[in-house]
Every structure is written in C-alpha cells, then in structure tokens.
Amino acid sequence: AVTCNTLVAGLCKAGSFDKAVKLFTRMAERTKRNSTMVTLAAANALIDGLCRAGRVDEALELVFEKCKDKAMINAVTYGILIQGLCKSKRVEDGLRLLEEMSTSRGLNPDAATYNSIIAGFCELDMVEQALEFFSNVTQGNKCAPDPVMIGTLVNGLCKSGRSLQALELLEEMDRVGCQPSSQVYCLMIEELCNSGEADKACKLLHETLRKGRAPANTGTYTMIVDGLYKTHRPEKARRHLKGILSSSLSAPSVVTSCAIIDGLCKSGRFSEARWFLHSMGQMGSKAN
RNA sequence: CCCGUUAAA
C-alpha cells in the first residue's frame, strides 16, 4: 500500500492523471479496513496533482463538497490546497482556508503551509505583507522560524531589489539559530555582488565557510572575486580575500582556495592569482 | 512509516 501511495504521487507528477486515478480507485476498493491513512496519502497526492494542473477549484470542490468523509482530510490536505491557491495568486483565499482549518477543524497549520502563504505574498510583489505575516506567525508562537521561510523571504526581498534588507534578515535569523540552505546563501551572495556590495558578499561567504554552509559551486567564488575587484580598490579586494585565509578556525580547504584562484584567473587577474597563492603560503595554507 | 512548502548551477 505504501508503494501504491508513492506510485500515485509519481504518476501525478509525471502528468498521468488518468492512470493515477485508476490506481487510486482500485486501492480504495481493495481497502478492507483501517488503512485510511494509506489512502489518505494517495488522495492527497491526487489533490496535489489537480492543483498543479491549475485545477484548484476542482480540487476544492472534491475535498469540500464531494467528500463526506472527514477522515479523508488532514493538515496536509489543507496545506496542499492552500499552496494551490497561493500559486494561482489567490492568497486571500488561502488565508481564509488557513483560518478555517484551525478554527473549524482543529487542524494545526505547519511550517510548510505558512511558507506557502509567504511565498504567495512574495509572488504578488507584496513582500511587506509577507514579512508581516512571518512575524505574526513567529512572534505569536504559532510556529518557530523555519529555514525554508527564511529562504522564501530572502528570495522575495532580493527579487524586489532589497538585498540589504534580505541580508539583515539572514543575520537576524542566524542569531536565533535559524539558517537556510546553502542555495539561499548562494542567491544572497549573487544578489550582493550584483548590487555593488561584493565586500558584504565576501564577508557572508566567510561566515558560511565557518558554519559549513558554503555554496558548493565555483561560480559563486568567481562572482565574488570579480565583484571585489570591479567595485573596490585593489587593496580592499585583497584584504577581503585575505580575510578568508585568516581568522577561520581551520585553514580554508583546498577546494575553497582553488575556487578563489580559479575566479581570479577566469577574470584575467593572473598577477592577483599569483599574489593569492603567495599569501596562502605565508598564512600556512598549502596548495596542491 | 507513505502525500504538501522556498532556493543557486
């Protein structure tokens, strides 16, 4: 039965609705007793498939009108519908559903569901409302700040040209022990470089290296190196690059220093690359 | 336990 759930979900994602529905009905028929959890997961996958196909209203109708069985609705069902609404820019409807699920069904929204709302606001260029919603949820102890929410907000703020505010949020959340994925740091660094704040980007990279959350791709390093020399005096650029060599608890890894040298070479700064290699030696980092 | 959330290459 568990594999059937996964299968239904997979068929939906692959766009084969009919097959998924067929499988689902066969599952439902065979279900003897007490496997409501199992078919619930499959039903949710189907609802999600409908939403992703842009058929949110059909999904809503299915859940709230055609389905009399309360056991076939859980918090994930609501989460899916709320996401569906938000993705079709109907955040207000999503909020209504969010309200309903706790007040009239006693279901608790989780971080994923709250995040759908935040993402919905961002998509509508309503970052201000997204931030307000986020602080209501977290300050009101409904939900702890979540790494995904931070990612959503950072993305939203950056996309609306407020990268410095995004950085502030990132730092603030870091202080309360909430850090997003390395992809989000990657995005943040890119945005900072593009808005002439390569020095801040470099500092952030330094932080992520210390925390083991550094972006893994070399493109990020290239951007920082390029940005540093483009927007700052060479002395300042060197100081920032040196910052990565020093003051970390452990020496930078071979991949880190390689990536920096790579970035210097790719932007044609060969003498700077030689300088960096030399500095590495002075600071006790070995090249390979 | 299985189903839903943001994100770089």
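Here is the naming used below: chain letters follow the sequence lines, and residue numbers restart at 1 for every chain.
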_Presence of A/Arg52 side-chain N/O under 4.0 Å of B/U5 phosphate oxygens OP1/OP2_ = yes
Rounded to whole Å, CG of A/Leu50 lies from C1' of B/C3 at a distance of 14 Å
Examine the side chains of A/Glu207 and A/Tyr185 and answer whether a donor and an acceptor come within less than 3.5 Å of each other. no
Rounded to whole Å, CG of A/Asn108 lies from P of B/G4 at a distance of 20 Å
Separation of B/A7 atom C1' from A/Leu157 atom CG, nearest Å, is 14 Å
Is A/Asp146 touching bases, backbone alone, or none of the nucleic acid, heavy atoms closer than 4.0 Å?
nothing
Closest to the side chain of A/Lys87, out of B/C3, B/U6, B/A8, is B/U6
Side-chain atoms of A/Asn44 come closest, of B/U6, B/U5, B/C3, to B/C3
note: A/Phe133, atom CZ; B/U6, atom P; distance rounded to Å ~ 15 Å
Winner on side-chain proximity to A/Thr6, out of B/C2, B/A8, B/U5, is B/C2
Here the distance between atom C1' of B/G4 and atom CD1 of A/Ile73, to the nearest Å, is 15 Å
A/Glu190 CD to B/A8 C1', in whole Å, measures 7 Å
Winner on side-chain proximity to A/Ile80, out of B/C3, B/A8, B/U6, is B/C3
With hydrogens left out and only the distance checked, is there a donor-acceptor pair under 3.5 Å joining A/Thr77's side chain and the base of B/G4? no
In whole angstroms, the gap separating C1' of B/C2 from CG of A/Leu7 amounts to 12 Å
May I ask you to verify if any side-chain N or O of A/Gln83 is less than 4.0 angstrom from the OP1 or OP2 atom of B/G4?
-> no
- Query: Looking only at side chains, do A/Thr218 and A/Asp262 share a donor and an acceptor under 3.5 Å apart?
  - Reply: no
Practice item. Please check if any side-chain donor atom of A/Thr113 sits under 3.5 Å from a side-chain acceptor atom of A/Asp110, or the reverse. Key: yes
With a 3.5 Å distance limit and no angle check, can you tell me whether A/Arg105 reaches the backbone of A/Glu100 through a side-chain donor-acceptor pair?
no
* **Between A/Ser267 and A/Arg269, a side-chain donor and acceptor under 3.5 Å** => yes
Review point. Are A/Glu197 and A/Ser195 close enough that a side-chain donor and a side-chain acceptor fall under 3.5 Å?
Key: no
Among B/G4, B/A7, B/C3, the one nearest any side-chain atom of A/Asp110 is B/G4
request  = With heavy atoms under 4.0 Å as the rule, sort A/Lys159 into base, sugar-phosphate or nothing.
outcome  = nothing
Of the candidates B/U5, B/C3, B/A8, the side chain of A/Asn115 sits closest to B/U5
Considering only heavy side-chain atoms of A/Ala9, the closest of B/C3, B/U6, B/U5 is B/C3
Closest to the side chain of A/Ser116, out of B/A7, B/U5, B/C2, is B/U5
Rounded to whole Å, CG of A/Leu187 lies from P of B/A9 at a distance of 9 Å
